[in-house]
Amino acid sequence: MGFLNIDNVIKHYHDVEVLKRINIEISQGDFLVLVGPSGCGKSTLLNMIAGLDEITDGDIWINGKQMKGVHPSKRDIAMVFQSYALYPNMTVAQNISFGLEMRKVSKPERETAVSRVSKMLQIEPLLNRKPSQLSGGQRQRVAMGRALVRDPQVFLFDEPLSNLDAKLRVDMRTEIKLLHQRLDATIVYVTHDQIEAMTLATKIAVMNGGVVQQFGTPEEIYDNPVNTFVAGFMGSPSMNLVPAKVIKVEGRLSYQIETKNAGEPLLLPVGRDEMAISKYLDQEITVGLRPETITDPESANHTEGTVHEANLLVDLTEPTGADMYVVTLLGGQEVVGRMRNRAKAAAGENARFAFDVSRNVAFDKASGERIQ
């Protein structure tokens with residue numbers, strides 16, 4: 001059994017089943033991110049770990065101890081909320097130490113703990129201010145300080161960065177990552193932002209409709225999504241999902257994909273999972289292409305990848321500084337590729353595209369499940 005074990009957990013609200021047999025196990029020191037669209041059940045699951053919501057069936061274990069029926073105050077967890085939940089009439093120092101005071105910790109110990117945490121979070125100059133005198137980022141640091149000061153077994157974060165602007169969100173993401181590395185703490189973190197999930201997590205649970213669609217490391221989920229939902233949800237820009245037909249050309253399996261060039265389909269060598277794909281010969285499937293695997297020939301990974309080149313009509317270009325996103329139409333779908341900023345690609349003209357076919361992922365057209 002892992003340090004945190006979520007075992008066959010079900011949650012009903014009246015006749016509605018919002019969580020459907022959730023099974024997740026992580027080790028001590030893991031950073032688990034629960035990610036998914038609004039309404040997928042991730043916050044409900046976090047609240048059940050915290051003891052703020054009752055489990056309908058199943059169980060949750062923390063460090064070998066069963067949590068069902070255990071009061072939140074007895075679980076040795078600390079929670080950071082989206083809304084900060086600071087006491088407006090207390091100073092920063094008082095907010096941080098309030099939980100310790102309720103547990104009858106002595107004043108010298110409280111002061112030592114506040115000093116340690118405020119130094120770690122770089123909020124020492126703010127200790128005598130009230131929450132109304134702080135920026136959003138500073139308030140979030142105080143909320144984190146209140147959790148850190150307790151040194152709990154598990155930290156729970158409920159979308160802590162969603163109220164911050166884009167730049168501050170990136171800065172705070174870095175702070176949380178560094179904090180995890182320093183403390184080697186066990187963290188469960190809820191977000192709908194897949195970039196936060198990819199950058200922070202050691203383990204990710206992608207949720208949708210009350211079901212864990214996939215659980216694994218960020219690399220496993222990004223490179224080997226189990227279905228089209230995970231493929232389309234994880235990644236920015238997301239994976240291109242393109243209709244294709246499996247055919248054989250000169251004895252080699254290929255994906256035949258329609259293009260805007262009349263009568264000239266794109267023939268991509270399969271390059272991966274060929275034995276599984278062979279069962280779909282002459283059938284329609286869905287091919288997943290990550291934007292970074294579609295580039296200009298000079299940027300293509302000729303050393304590690306298997307590169308196939310083709311001329312395609314460019315619909316749109318989006319320069320981003322270092323890179324340029326290039327949009328073309330494949331299988332009737334807009335497909336985004338990622339090229340060098342100075343690549344020879346212009347809207348309305350043909351350009352040379354390079355596809356790293358060793359990283360393509362194929363999905364069953366009807367079920368959306370990965371073919372492997």
Side-chain angles (χ1 to χ4, degrees), residues 1-9 19 21-36 41-53 55 58-81 96 99-100 103 105 109 112-113 116-117 119-121 140-141 143-161 172-191 196-207 212 214-222:
M1 182 181 287
F3 187 77
L4 171 64
N5 189 42
I6 300 166
D7 182 22
N8 261 330
V9 165
L19 290 177
R21 298 208 174 276
I22 305 295
N23 288 283
I24 296 172
E25 184 178 309
I26 62 170
S27 302
Q28 188 167 9
D30 268 339
F31 195 127
L32 168 66
V33 175
L34 307 175
V35 65
K42 55 190 185 294
S43 290
T44 300
L45 181 57
L46 191 80
N47 286 337
M48 289 197 293
I49 297 170
L52 302 176
D53 213 339
I55 299 170
D59 216 333
I60 293 173
W61 301 72
I62 296 176
N63 197 16
K65 294 180 181 177
Q66 191 178 33
M67 291 293 112
K68 198 168 187 177
V70 177
H71 191 271
S73 63
K74 305 294 184 185
R75 296 192 178 205
D76 198 15
I77 54 97
M79 194 160 183
V80 179
F81 296 93
I96 292 173
L100 298 179
R103 287 170 179 79
V105 175
E109 285 183 87
T112 300
R116 172 179 57 84
V117 167
K119 187 175 183 180
M120 185 187 303
L121 295 171
Q140 193 55 273
R141 279 192 174 88
M144 286 166 58
R146 187 174 52 192
L148 289 168
V149 78
R150 289 187 43 212
D151 193 24
Q153 290 196 94
V154 181
F155 291 95
L156 306 177
F157 288 80
D158 189 8
E159 303 208 42
L161 309 184
M172 289 301 298
R173 201 165 66 214
T174 303
E175 292 283 344
I176 292 171
K177 180 111 180 172
L178 288 170
L179 211 57
H180 176 248
Q181 290 174 355
R182 281 193 220 114
L183 300 175
D184 196 29
T186 306
I187 296 175
V188 182
Y189 186 105
V190 163
T191 183
E196 280 182 33
M198 290 296 297
T199 54
L200 290 173
T202 60
K203 295 285 175 63
I204 296 176
V206 184
M207 299 182 65
V212 174
Q214 187 170 0
F215 174 68
T217 66
E219 293 78 15
E220 289 168 346
I221 284 170
Y222 189 79

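Positions are given from 1, in the same order as the sequence printed here.
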Enquirer: Determine yes or no for a side-chain-to-main-chain donor-acceptor pair under 3.5 angstrom, with K42 supplying the side chain and V190 the backbone.
Expert: no
Enquirer: Drop me the distance from L121's CG to L179's CG, to the nearest 0.5 angstrom.
Expert: 6.0 Å
Enquirer: Tell me, with the steps shown, if M120 and L183 meet side-chain contact (heavy atoms from CB on, under 4.5 Å).
Expert: CA-CA 11 Å; M120 185 187 303; L183 300 175; 4.0 Å; yes
Enquirer: Is a donor on one side and an acceptor on the other found under 3.5 Å between the side chain of T191 and the backbone of E159?
Expert: no
Enquirer: Is any side-chain heavy atom of I24 less than 4.5 Å from a side-chain heavy atom of L45?
Expert: yes
Enquirer: Dump the intermediate steps for side-chain contact (heavy atoms from CB on, under 4.5 Å) on K177 and T199, then the final yes or no.
Expert: CA-CA 8 Å; K177 180 111 180 172; T199 54; 5.5 Å; no
Enquirer: In the structure I gave you, are the side-chain heavy atoms of H180 and T202 within less than 4.5 Å of one another anywhere?
Expert: yes
Enquirer: Nearest 0.5 Å, please: how far is CD in Q214 from CD1 in I221?
Expert: 4.5 Å
Enquirer: Please report the closest heavy-atom contact between A205 and V212, naming both atoms and the distance.
Expert: CB-CG1, 4.3 Å
Enquirer: Which atom pair, heavy atoms only, marks the closest approach of F155 to A147?
Expert: CE2-O, 3.5 Å
Enquirer: Taking the side chain as every heavy atom from C-beta outward, state whether V188 and L34 have any atom pair closer than 4.5 Å.
Expert: yes
Enquirer: Does any N or O in the side chain of Q140 come within less than 3.5 Å of the main-chain N or O of P160, such that one atom is a donor and the other an acceptor?
Expert: yes
Enquirer: Locate the shortest heavy-atom distance separating I176 from M144; write the atom from each residue and the value.
Expert: CG1-CE, 3.8 Å
Enquirer: Looking at OG1 of T186 and CG of D30, how far apart are the two atoms once the value is rounded to the nearest 0.5 Å?
Expert: 7.0 Å
Enquirer: Any idea which heavy atoms bring V149 and A113 closest together, and the distance?
Expert: CG2-CB, 3.4 Å
Enquirer: Run the ring-ring contact (aromatic ring centres under 6.0 Å, His included) test against Y189 and tell me which residues pass, sequence neighbours left out.
Expert: F31, F157
Enquirer: Report yes if some heavy atom in the side chain of I204 is under 4.5 Å from a heavy atom in the side chain of E220; otherwise report no.
Expert: no
Enquirer: Does the side chain of I77 reach to within under 4.5 Å of the side chain of P72, using non-hydrogen atoms?
Expert: no
Enquirer: Once you round to the nearest 0.5 Å, how far does CG of D76 lie from CG of D151?
Expert: 8.0 Å
Enquirer: V35 and E196: side-chain contact (heavy atoms from CB on, under 4.5 Å), yes or no, with the steps?
Expert: CA-CA 9 Å; V35 65; E196 280 182 33; over 6 Å; no
Enquirer: Do R150 side-chain atoms and R146 backbone N/O form a donor-acceptor pair below 3.5 Å?
Expert: no
Enquirer: Going by ring-ring contact (aromatic ring centres under 6.0 Å, His included), name the residues that satisfy it together with F215, two or more places apart in sequence or in a different chain.
Expert: none
Enquirer: Using a 3.5 Å distance criterion without hydrogens, assess whether the side chain of N23 forms a donor-acceptor pair with backbone atoms of N8.
Expert: yes
Enquirer: Kindly compute the distance separating CG (L161) from CG (L200), expressed to the nearest 0.5 Å.
Expert: 7.5 Å
Enquirer: If we only count heavy atoms from C-beta on, is the M207 to I22 side-chain gap below 4.5 Å?
Expert: yes
Enquirer: Rounded to the nearest 0.5 Å, how far apart are CG of N47 and CG of D158?
Expert: 6.5 Å
Enquirer: Between Q153 and Q28, is any pair of side-chain heavy atoms under 4.5 Å apart?
Expert: no
Enquirer: Is any side-chain heavy atom of D53 closer than 4.5 Å to one of L46?
Expert: no
Enquirer: Run the side-chain contact (heavy atoms from CB on, under 4.5 Å) check on R141 and M172 step by step: do they pass?
Expert: CA-CA 8 Å; R141 279 192 174 88; M172 289 301 298; 4.0 Å; yes
Enquirer: Minimum heavy-atom separation for M79 to L52, with atom names?
Expert: SD-CD1, 3.8 Å
Enquirer: Which heavy atom of S73 sits nearest to which heavy atom of H71, and what is that distance?
Expert: OG-ND1, 2.8 Å
